[in-house]
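Below is one structure, written out as structure tokens; comments come after it.
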Amino acid sequence: MGGAAQRCRRGAACGAAERHGEWGTGGGFLEGPSGEAFVSGFVAPHCGSITAADEGREVELYGWVGRRRDHGGLIFIDLRDRWGAVQIVFNPTNAPQAHAVASDLRSEYVVRAKGVVGRRPAGSENPRMATGEVEVTASELEVISSAKTPPFQIDDDTDADEALRLKYRYLDLRRPRMQQMLEMRHRVVKAMHRYMDAHEFVEVETPMLLRGTPEGSRDFLVPSRLHPGSFFALPQSPQQLKQLLMVAGLGRYYQIARCLRDEDLRADRVVEITQLDVEMSFCTEEDVISLIEGLWVQVWKDVMGVDISTPLPRLDMQESLLRFGTDKPDLRYELEIADVSEQLRATGATVLRSALEQGGVVRCLAVPGGSNLSRRELDELALIAKGAGAKGLTWMPGPLDKFLTEGEVAAIRTAVRAQAGDLVLLVADRRRKAETVMGLLRREIARRRKLIREGEWKFVWIYPMYLFEEDDQGNLTYGHHPFTSPWPEDMHLLQDRPYQVRARAYDCVLNGVEIAGGSIRIHERALQERVFEILGLSREKIHAQFGHLLDAFEYGVPPHGGIASGIDRLMMAMSRTDNIRDVVAFPKTQSHQDLMLGAPSPVDQAQLDELHIAIKPVT
RNA sequence: GGUCCCGUGGUGUAGCCUGGCCAAACACGCGGCCCUGUCAAGGCCGAGAACGCCGGUUCGAAUCCGGUCGGGACCGCCA
């Protein structure tokens, strides 16, 4: 037994599925620490790894019972583990006892089955199964653990409600697709570690309990027991710490970091994210960009065996907003947006002209072959536009026809390159709103008309970006974050035309998913203070919140920059799902609840007392 | 902070717009019996939901109205 176990341990250490034939007789009794025998399935072969090469071999398998097909005489089951599933046959004449036990098997029972691997009788192979050429004819069967009927079918095409899947996540995660996701995620992170190490980056862990900042995203707070009334904040990102590591002279830092942001969720947002966090000294944006391009090459090669060709294309952020209506464009389909504000400056269509007169814009999009869109479909599109806050949506040919001159119609159709039979959607609104709405419509049209070329990997760098943006109230705020360096040649615009100042910031977008973003940082105290001031922060505030960083900048600071790649979103893009919860093992709902654990939950009064916290009743 | 969609047996849906024919239909699953080559096994039989919750309108509500809870999508927000 010892011999078999040792061979297998070595096998386990050297990795996954490539070690057929390495295992011994499998399973069996080992001696435990207290001297009594116990069954170990750790050394047993995997259900999903049995192949025709194992023919004639006696194996002991451990797994979960999938479907049972009981013919009265013969009984078939699919025995499943993480590696896949294999068919086990129970024959009443050869092994009456095993057959009797098999008669009482139900879905999701955990069993141990012993038997001989054999080829299936000619004609009964199952080409849809990886192990479909073979089967195991059972001689022994033991039920290790019985199971209640699960609340939903454990298979890939289960259509159970997501809330139910989250409540029973441990069952949901039994589905082959979810197990493949977990394994793929592991391989992505492993490739990242390898790559960063090979480029002489050092992984440093940063604290989870930080100082809160009212800037940026809302903090998750942790009350301090020893300091009544004071709170720690959980990291939104290790941003300042990684910059300080550069001041410390580390040169190249990375971390697979957990970050928490207390914001409202979306299909592509979770509360707790994992990011590959990177910072490096004496670098330019070109260094960071080519480093990350190399990372994608390595990850795609390691995980999917796909070659990515670099350098990747780049797109100016303002151009992206104009042409695609978003700063994370999906370039797997064309559908470009056009601005027709100038062409309509004097139009007789009052809705359009008045929007322009109020400083807005008119943007449009051609729907290929869209003249056959039904009134109902158009109403649905209008509802999307309205839901996004647009004043309205119109189309051409459509309700505005009698107000538009022939020249205007022709100019619009030319601007969007509309073909005969195309419908043109028009939105007139404030610039930012028009962009958002057109971006949503563009995506919706692509989905409905199936214009997305699945299977393509469309990477693009959004670069340059801009240092400042206008917030909802029309106030100036930062585009990326307040530590981002302006372009040196745009310095003179800082005071008077801040919105035109380009930032040394870059986002990497894949198939419409933002998979990384970063910048070259400011490393001069004076410039950093100036940017804070332009952002409207008071001296006191700057000192209180960023004093440590500014102080550090007085002790010899290397120029530095970095990037962070959200692994959850990267996984989303790689596994082509548009639901981020599908790539997280234990995700929370849109309202931040863990339906399995029942978190968040009230706590004992004693715990609150210890933390000096009094609960204010909800009004 | 806001807009929209959804909530019917264990699961997924139909019914809801146009209230009574719905103590509610279908499929899967579940239970029993039959069946020695199936793999979404098959055949026969069977059990299982007063329709998220509260209130209102009505002679009468799964169906209409209001509120509430839960899930989801989106705008804002997410440095």
Side-chain angles (χ1 to χ4, degrees), chain A residues 66-78 85-94 99 106-107 120-129 131-132 135 137 148-168 171 213-219 236-237 239-240 259-271 273 380 383-390 432-433 436-437 439-440 443-444 467-469 471-473 477-484 503 505 514 517 519 531-532 535 537 545-546 564 566 578-579 581 588-591 593 595:
Chain A
R67 285 205 156 78
R68 184 177 60 121
R69 298 173 290 279
D70 187 341
H71 288 240
L74 287 178
I75 297 174
F76 301 92
I77 63 165
D78 296 322
V86 68
Q87 173 164 285
I88 317 270
V89 199
F90 299 93
N91 189 315
T93 44
N94 304 350
H99 181 270
R106 294 291 181 271
S107 287
R120 294 194 187 186
S124 69
E125 299 89 352
N126 184 349
R128 289 200 305 270
M129 234 175 139
T131 61
E135 63 189 2
T137 305
K148 297 209 294 194
T149 302
F152 52 86
Q153 242 353 80
I154 313 287
D155 59 42
D156 276 344
D157 40 315
T158 191
D159 46 4
D161 184 72
E162 196 178 355
L164 196 72
R165 290 174 47 206
L166 290 177
K167 181 174 177 190
Y168 296 96
L171 297 181
T213 51
E215 308 304 315
S217 166
R218 203 174 285 117
D219 285 319
Q236 296 172 23
S237 86
Q239 181 60 35
Q240 294 187 43
C259 305
L260 299 101
R261 293 170 194 175
D262 187 2
E263 293 295 343
D264 293 350
L265 299 184
R266 289 291 161 72
D268 63 345
R269 277 192 229 160
V270 277
V271 183
I273 62 163
E380 284 168 2
L383 197 66
I384 289 172
K386 230 167 178 179
R432 208 50 272 273
K433 187 55 74 182
T436 302
V437 172
L440 282 172
R443 201 176 62 180
E444 184 65 20
L467 201 59
F468 302 110
E469 285 173 6
D471 71 12
D472 216 30
Q473 277 82 47
T477 183
Y478 34 73
H480 183 63
H481 61 51
F483 315 111
T484 301
E514 185 192 320
S519 65
V531 169
F532 282 145
L535 288 167
L537 272 72
Q545 282 167 39
F546 306 107
D578 42 22
N579 181 353
R581 284 167 249 112
K588 293 186 171 48
T589 65
Q590 197 166 57
S591 59
Q593 293 195 76
L595 297 179

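In the text below, chain A, chain B and the rest are named by the order of the sequence lines, each starting its count at 1. Just so it is clear, the model here is predicted, and its values are computed rather than measured.
Using a 5.5 Å limit on the distance between ring centres and a 30° limit on the angle between planes, the aromatic ring of H71(A) counts as stacked on the six-membered base ring of rA41(B). Between the side-chain ring of F76(A) and the base of rU38(B), a stacking contact exists by the 5.5 Å and 30° definition.
A 4.5 Å side-chain heavy-atom check between R581(A) and Q590(A) finds every atom pair outside the cut-off. The shortest distance between side-chain heavy atoms of N126(A) and R120(A) falls below 4.5 Å.
A 3.5 Å limit on both hydrogen-bonding distances identifies rG72(B) as the Watson-Crick or G-U partner of rC4(B). In this structure rG10(B) sits in a base pair with rC28(B), meeting the Watson-Crick or G-U test at under 3.5 Å. Pair check for rC33(B) finds rG43(B); Watson-Crick or G-U wobble, both atom distances under 3.5 Å. Shown here, rA23(B) forms no base pair; nothing in the strands shown gives a Watson-Crick or G-U wobble contact with both key distances under 3.5 Å. Pairing for rC16(B) is absent, judged as Watson-Crick or G-U wobble with the two contacts each under 3.5 Å.
Within the nucleic acid shown, R581(A) comes within 4.0 Å of sugar-phosphate atoms alone, with no base atom in reach, counting heavy atoms only. If you check every strand for non-hydrogen atoms under 4.0 Å, P151(A) touches sugar and phosphate atoms only. Within the 4.0 angstrom heavy-atom criterion, base atoms lie near R120(A). Heavy atoms of D70(A) sit under 4.0 angstrom from at least one base atom. The residue E162(A) sits close only to the backbone: its heavy atoms come under 4.0 Å of sugar-phosphate atoms, none of a base. Residue-level contact check: Q87(A) touches the bases, meaning some heavy atom is under 4.0 Å from a base atom. Counting any heavy atom pair closer than 4.0 Å across all strands shown, K386(A) reaches no nucleic acid atom. No engagement by I384(A) is indicated, since no non-hydrogen atom pair under 4.0 Å with the nucleic acid exists. Counting non-hydrogen atoms under 4.0 angstrom, R269(A) reaches a base of the nucleic acid. Residue contacts shown for S591(A) are limited to sugar-phosphate atoms, with no base heavy atom under 4.0 Å away. Among the atoms of the strands shown, base atoms are found under 4.0 Å from some heavy atom of S124(A). Residue D159(A) is classed as a sugar-phosphate contact, given heavy-atom separations below 4.0 Å to backbone atoms only.
Between the CZ atom of R261(A) and the P atom of rC78(B) there is a distance of 11 Å, rounded to whole Å. The separation between L383(A) atom CG and rC74(B) atom C1' is 10 Å, rounded to whole Å. Rounded to an integer number of Å, the gap from I88(A) CD1 to rG37(B) C1' is 15 Å. Between the CD atom of Q590(A) and the C1' atom of rC69(B) there is a distance of 15 Å, rounded to whole Å. Taking atom CD of E125(A) as the reference point, atom C1' of rG37(B) lies 11 Å away to the nearest angstrom. Rounding to whole angstrom units, CD of residue E444(A) and P of rA73(B) are separated by 14 Å. Nucleotide rG72(B) holds its C1' atom 11 Å from the CG atom of L166(A), rounded to whole Å. Rounded to an integer number of Å, the gap from R128(A) CZ to rA41(B) C1' is 12 Å.
Checking rU38(B), rC75(B), rG29(B) against every side-chain atom of T149(A), the shortest atom distance belongs to rG29(B). For T436(A), whose side chain is taken as the heavy atoms from C-beta onward, the closest listed nucleotide among rC75(B), rC77(B), rA41(B) is rC75(B).
Distance check on atom C1': rC51(B) versus rU13(B) gives 13 Å, rounded to whole Å. Only the C1' atoms considered, rA25(B) is 14 Å distant from rC16(B), to the nearest whole Å. Between the C1' atoms of rG9(B) and rC4(B), the separation comes to 29 Å (whole Å). Comparing the P positions of rC39(B) and rA49(B) gives an interatomic distance of 33 Å, to the nearest angstrom. Here, rC54(B) and rA62(B) have their P atoms 13 Å apart, quoted to the whole Å. Spacing of C1' atoms, rC44(B) relative to rG7(B), comes out at 36 Å, to the nearest Å.
If you check distances only, the side chain of R106(A) never reaches the base of rG29(B) with a donor-acceptor pair under 3.5 Å. With hydrogens and angles left out, the side chain of D264(A) and the base of rG76(B) share a donor-acceptor pair within 3.5 Å.
D78(A) and R69(A) are joined by a salt bridge, as a carboxylate oxygen and a charged side-chain nitrogen come within less than 4.0 angstrom of each other.
When the nearest nucleotides of RNA chain B are assigned to Q593(A) and V89(A) by heavy-atom distance, the more 5′-ward of the two goes with V89(A). Mapped onto RNA chain B by nearest heavy atom, L74(A) and G216(A) fall at different nucleotides, with L74(A) at the one closer to the 5' end.
The shortest distance between the side-chain N/O atoms of T589(A) and the OP1/OP2 oxygens of rG71(B) is below 4.0 Å.
Residue I384(A) comes nearest to L440(A) through the heavy atom pair CG2-CB, 4.3 Å, listed as atom of the first residue, atom of the second, then distance.
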